[in-house]
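Single-structure report; data block below.
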Amino acid sequence: MKILVLGGTGWVSSHVARIALETGHAVTCLTRSGGVPNGARSVRADRDTENAYDAVAGEQWDAVIDVAGEPGHVRRATAALKESAKRYIFVSTISVYASHAKAGLDETAERLPALEADTMQSMAEYGEAKVAAEDAVLAAFGADRSVIARPGLIGGPGDATGRTTYWPWRFAHPVDRTHIVVPDALDLTCAVIDARDLAAWLVHCASAEVSGTFNLLGEQLTFGEHLAVAREVAVAEGGAGVDEPRILPMPAEFLQEQGVNPWAGEKSLPLWIPGSENVAMSARSVAAARAAGLKLRPLADTLRDGMWWRGNNGGDAGLAAADEREIIAAWRARAGN
Ligand SMILES: NC(=O)c1ccc[n+]([C@@H]2O[C@H](COP(=O)([O-])OP(=O)(O)OC[C@H]3O[C@@H](n4cnc5c(N)ncnc54)[C@H](OP(=O)(O)O)[C@@H]3O)[C@@H](O)[C@H]2O)c1
């Protein structure tokens, strides 16, 4: 098949291009920088400009795979390619949903309103922007010639945010040799989809001519189960220095006093999303994607590869060693701990 990837130099989109090449497709990548995988044809263009698709709109495409975040990018691409491309596969997000308070819902759940503007003012408009982009895809290609892929948290090697690489890495580098600071929230749900599994499924959608709207989440585990896998991976890979890292669960109030943030960023405990309003961030139905061929590798593989990747590349999310040491000392200084 002849596949046009709108992207190919970043994280998910470079996996898409690589996997499409490995599975025998002819791949063209449209990007600004042009550092596309070996074997792909590169077209340089800036999607902020009106004529960005001039070099590709005159060709016939079996599928376009797009990871854009800005509505304007998708509006212009779909308008330019709707005659020449058979199928448009768009990477959206579960952030399009209006509420995350109820677990287990399918793709018919209510969405946010669409962003009217072509560009986001800030990431606070991310969900609305993706709704607008989904609408542009559906208006140009219709539901029977498009895929709206809505991933939850994406992870594994290449996760520059560090959210999904922190835990195995921290278990492999315990600050006081034995204890790891974790939130006392082990029953929360947690789901990470490997970027490579997502990419493989997007390519499969092109080959198998899949259409429809799909949630794409990794295996839905408890946070405690996720941490247990991270620990097993670190112990298995860590050698003699790491044999008995144990979790030290601390209540949210104590962590807040220590200036620790949930979810992401510096001085955070990644993947911890407290609050009943957030349960569906990692708990949605993926039955449709499973039926349409989604295959998930074991979480241990994602965490092992992510741990080594972080060792070489770093990542912002998590506690720095000095913070971890201070928090453990403050915790032990409290009576009874
Ligand atoms: N991270 C998560 O947990 C998560 C969760 C749900 C959904 N998602 C979605 O998953 C998708 C994949 O994310 P990603 O970060 O991995 O994307 P990515 O593969 O890094 O893709 C970005 C690509 O777009 C190209 N690009 C950006 N601006 C451009 C422009 N003006 N003109 C031409 N090309 C441009 C970049 O190339 P150049 O810079 O070389 O131009 C790059 O190849 C995103 O849509 C994201 O919203 C992510």
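Counting starts at 1 for both ligands and their atoms, in listed order. Values below: all heavy atoms of this structure, side chains included; hydrogens, waters and symmetry mates excluded.
- Counting the atoms of ligand 1 from 1 in the order shown, those under 4.0 Å from a heavy atom of Gly7 are 23 (C), 43 (O).
- Near Lys130, meaning under 4.0 Å from any of its heavy atoms, are these atoms of ligand 1: 44 (C), 45 (O), 47 (O).
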Apply side chain to side chain donor-acceptor pair (under 3.5 Å) to Ser285 and Asp106, showing your working.
-> CA-CA 5 Å; Ser285 170; Asp106 68 15; over 6 Å; no
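- Close contacts between ligand 1 and Thr93 involve ligand atoms 6 (C), 7 (C) [criterion: under 4.0 Å to a heavy atom].
- Protein heavy atom at the shortest distance from atom 36 (C) of ligand 1 is Thr9 OG1, 3.6 Å.
- Other residues, nucleotides and ligands contribute more than 12 heavy atoms inside 6.0 Å of the CD atom of Glu59.
- The closest approach between any non-hydrogen atom of Ala195 and ligand 1 is not below 4.0 Å.
- By heavy-atom distance, the residue among Val67, Thr161, Asp159 lying nearest atom 45 (O) of ligand 1 is Val67.
- Residue Ala45 touches ligand 1 through its backbone alone, judged by heavy-atom distances below 4.0 Å.
- Heavy-atom contacts of Arg163 reach the following atoms of ligand 1: 1 (N), 2 (C), 3 (O) (cutoff under 4.0 Å).
- Those atoms of ligand 1 that come under 4.0 Å of a heavy atom in Leu153, given as number and element, are 3 (O).
- Contacts of Ser92 with ligand 1, taken as heavy-atom pairs under 4.0 Å, involve the backbone alone.
- Close approach to Gly8 involves these atoms of ligand 1, each under 4.0 Å from a residue heavy atom: 43 (O).
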